[in-house]
Amino acid sequence: MGSLPETIPDYLHGLNPVQLDAVRHQGGPLLILAGAGSGKTRVITYKIAYLIRECGIQPRSILAVTFTNKAAGEMRERAASLAPGASECMIRTFHSFGAWFLRRNHERAGLPAGFTIYDDDDVVQLLRSLFPDESKPHLNAQSRAISRAKDYALYPGNDLSAVTHQHEELRDVYRRYHERLREIGNVDFGDLILRPLELLRRDEAVRTRIQQRFRVVLVDEYQDSNVAQFELLRALVGSDSYLCVVGDDDQSIYRFRGAEVRNILTFHEQYPGTTTVRLEQNYRSTGSILNLASEVVARNEGRLGKRLWTEREDGPLPQLAFLSDAEAEVEFCVRILQADARYSNTAILYRTNAQSRLFESEFLRRGIPYRIVGTLRFYEREEVKDVLAVLRLLANPRDEVSFRRIVNKPARSLGLKSVDRIVDVALAGGGDLLDALAAAVPGLTKKAEKARAELDGVFASLTGAVEGSSLSVLVERAAEETGLREYHASQDEYQGSGKVANIDELVNAAGLYGSGREALAEFLEMIELDANRDTAAEDGEAVTLITMHNTKGLEFPRVIITGLEEGLFPRGADEGPGEIEEERRLFYVAVTRAENELYLTSCRYRRLYGRITEYAPSRFLGEIPPELLETLGSGTSSRRIPAASGDPGFGRQGIPAAGGTVSDRLRSASDAEDWEEADDLPPGAGVYHDDYGLGVVQKRWRKGTNVMVRVGFENGRIATFIPRYTPLERVSIDE
DNA sequence: CAATTCGGGATCTGC
DNA sequence: TCCCGAATTG
């Protein structure tokens, strides 16, 4: 690596001293612990520029890995503006890097050139064709377990008990899935990491070549990496490569899909000689927002520890509103929105996508413009997946999942039986389904036989078009000649959906690619991996509706975090302490999105599966020192705020309501509900049960004529009771 | 083989 | 409450 320049180049002058250290660091491994809003992207992009401009590193020997395409795109753009050569760097997501690598080495990796990527839905379909008698929920669970196993780099032969309790069953399911997927010649998301890892481990020539190519490896959002990615990184980084990872252990929120916080917590052990740099100055939020965030996350045990600070002033205190129900919550948000002409200043955050519904319908009704980030992903739409299935089948004719998807859509009298016969013929002869379609298939009815011949004609013609015409023409013809376009057009007609428009969008997108098999594979890869590109225009005055997970990396002048109720957020109230810590980190992420103003809302009643359920306020509210926020309408709370205690899973006290506050007025409507039989057992109340001991009421709802309560006990048990029949003694649980 | 109806169960987060 | 899959019927 080049020598340190004597003077600091001009373009680095905007950096603070710690950032500058991180940018100029050379030699051994570097871990940058970058707090929320600490200018992380800035540091990475400046570092890329610095490596190119000052250290004489070839741009093409720099690999930067991110977790989302959005982050990759942003990094690419910003780096290129600092150092023109940076456009030659390889800046990709882990998965997209894996796909690139496999595409380039497909032969050595044992894959056909036209392999495509199966998403979760495809995986379930494949499992379904292997185990037709299993229920869908069960297959969903198996698919999740398999993908989790792959996150941990586990194979069917490994001990899978970490992934599921039914590991014997999973082993068999996983094994058959694994074999079938190899026969088909496609990969799933996990394979995009695992198969490059396998190849690098077993093929020294490939490993040496790639290690020589990438002299510098940068990883963003390292706290979200999983075990397989950790291993891949290790195989990728040679002894003379420079490795720099950037992340924030406090923002690790993807455990459910295999992210392993330990990767970042133990990085310095895995890579001896690591230099650690902490970016703790926050440039985003006011002091009072940061105070609140820090207080909450400080309760987590498993963290490296870091305290954000800011030069900004304290600003207004975050506000907390207790509301009666989700309708009142919408109303509350609307009022905040109306205090400011700029809708785009505000983001409304929620834990689950389902919560967006009420906001959508109300905003639609009132003419409040909004945009939803990341719910319906473009390629997951039915019509898009249909057309893609045709294309994928052209790319890889052994793709059984895609074949089954479109063979009888629109209906052409090829039912399950006939399709099975065709697939059987294919399996008997190498697995090529398009060949089977062209062959004589025994046992078909006259009608089915005619349909088979027709479909064969369609695919023969499309196959011919793969090399001959441009990709957008191919996509167009694929939609047209299979009848999918017409099929969806008629759906549009009586549903008023915009399916054809989406197909057109797909045709458009294909226009950016060339022609031929390679372009086709590249296009399909982009669609699969760049899942949530917004079809709607980004700009314009609109409120943002978004899940907390999706806000990672974003910021807004004003943030409203909704649904702070025990059981909704944190969600995994009945799971282990690890789950709660993860939820707490998610809360931290959500809070630190806010630049100037922060609002928190908590509803007493919420409709769940058509039933009205009463919830206790989120325990996180009890973890905030009262002086750090303003409870709406008065200085005192109008509802029981859970008091924090040493044991994060337990303990809160009943503070009787203080009347006459704004929040009281806001929640008038549904309070009229009577809960006679369990009147002294509202959520948050302490109870004693003869067998289970001390507990806290988590939820209360109606079932038929009975009132039910769900109680979380000190010993970790969760149980549901009908208070009318079960003796539950109301107790005070103050220490 | 396709269309209609009915009943039971429930996606939490997402590359 | 809503949606999907199974059973039923044409």
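Here is how names work: the chains are called A, B, and so on, in the same order as the sequence lines, proteins then strands, and each is numbered from 1.
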Nearest to the [X] side chain among [options], which nucleotide is it?
{"X": "A:R571", "options": "B:dA2, B:dC15, B:dC12", "result": "B:dC12"}
{"X": "A:S418", "options": "B:dA2, B:dC1, B:dC15", "result": "B:dC1"}
{"X": "A:Y609", "options": "C:dT1, B:dT13, B:dG14", "result": "C:dT1"}
{"X": "A:F256", "options": "B:dT13, B:dC12, C:dT1", "result": "B:dT13"}
{"X": "A:D120", "options": "B:dG14, B:dC12, B:dC15", "result": "B:dC15"}

Against the six-membered ring of A:Y254, is A:R257 placed for a cation-pi contact (under 6.0 Å from the centre, within 45° of the normal)? yes
Would you verify whether the NZ or CZ of A:R92 falls within 45 degrees of the ring axis of A:F101 while also being under 6.0 Å from that six-membered ring's centre?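 Judged by the rule (NZ or CZ under 6.0 Å from the ring centre, within 45° of its axis), A:R92 is not positioned above A:F101.
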With respect to A:D386, which candidate in A:R485, A:K409, A:K499 satisfies the side chain to side chain donor-acceptor pair (under 3.5 Å) definition?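 Result for side chain to side chain donor-acceptor pair (under 3.5 Å) with A:D386: A:K409.
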Starting at the 5' end of DNA chain B and moving along, which residue's nearest nucleotide shows up first, A:T93 or A:T352? A:T352
5'-most contact on DNA chain B (nearest-nucleotide basis), A:G415 vs A:H549, goes to A:G415
Rounded to the Å, how far apart are [X] [atom1] and [N] [atom2]?
{"X": "A:I117", "N": "B:dC15", "atom1": "CD1", "atom2": "P", "result": "14 Å"}
{"X": "A:R144", "N": "B:dG14", "atom1": "CZ", "atom2": "C1'", "result": "12 Å"}
{"X": "A:L568", "N": "B:dC12", "atom1": "CG", "atom2": "P", "result": "10 Å"}
{"X": "A:R255", "N": "B:dT13", "atom1": "CZ", "atom2": "C1'", "result": "13 Å"}
{"X": "A:R257", "N": "B:dT11", "atom1": "CZ", "atom2": "C1'", "result": "16 Å"}

Can you confirm whether the side chains of [X] and [Y] place a donor and an acceptor under 3.5 Å from each other?
{"X": "A:N263", "Y": "A:S225", "result": "yes"}
{"X": "A:D250", "Y": "A:N300", "result": "no"}
{"X": "A:E221", "Y": "A:Q223", "result": "yes"}

Would you say the side-chain atoms of A:E583 pair up with the backbone N or O of A:R571, donor to acceptor, closer than 3.5 Å?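 Pair found, side chain donor or acceptor close to backbone of A:R571.
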Given the structure, check if the side chain of [X] and the base of [N] hold any donor-acceptor pair shorter than 3.5 Å.
{"X": "A:R607", "N": "C:dT1", "answer": "no"}
{"X": "A:N353", "N": "B:dC12", "answer": "no"}
{"X": "A:R351", "N": "B:dC12", "answer": "yes"}

Looking at A:N550, I'd like to know whether one of its side-chain N or O atoms comes within less than 4.0 Å of OP1 or OP2 on B:dT13. no
May I ask you to verify if any side-chain N or O of A:N408 is less than 4.0 angstrom from the OP1 or OP2 atom of B:dA2? yes
Quick note, side chain to side chain donor-acceptor pair (under 3.5 Å) partners involving residues 141-151 of chain A, not counting sequence neighbours, are A:H138-A:Q142, A:Q142-A:E169, A:R148-A:D151, A:K150-A:D188, A:K150-A:D191, A:D151-A:N226
Is the aromatic ring centre of A:F94 closer than 5.5 Å to the centre of the six-membered base ring of B:dC15, with the two planes inclined by less than 30°?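 So no, this residue does not stack on that base, at least one cut-off failing.
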Pairs under 3.5 Å (N/O, protein and nucleotides 2-8 of chain C):
| residue | atom | partner | partner atom | Å |
| --- | --- | --- | --- | --- |
| C:dG5 | OP1 | A:K136 | NZ | 3.3 |

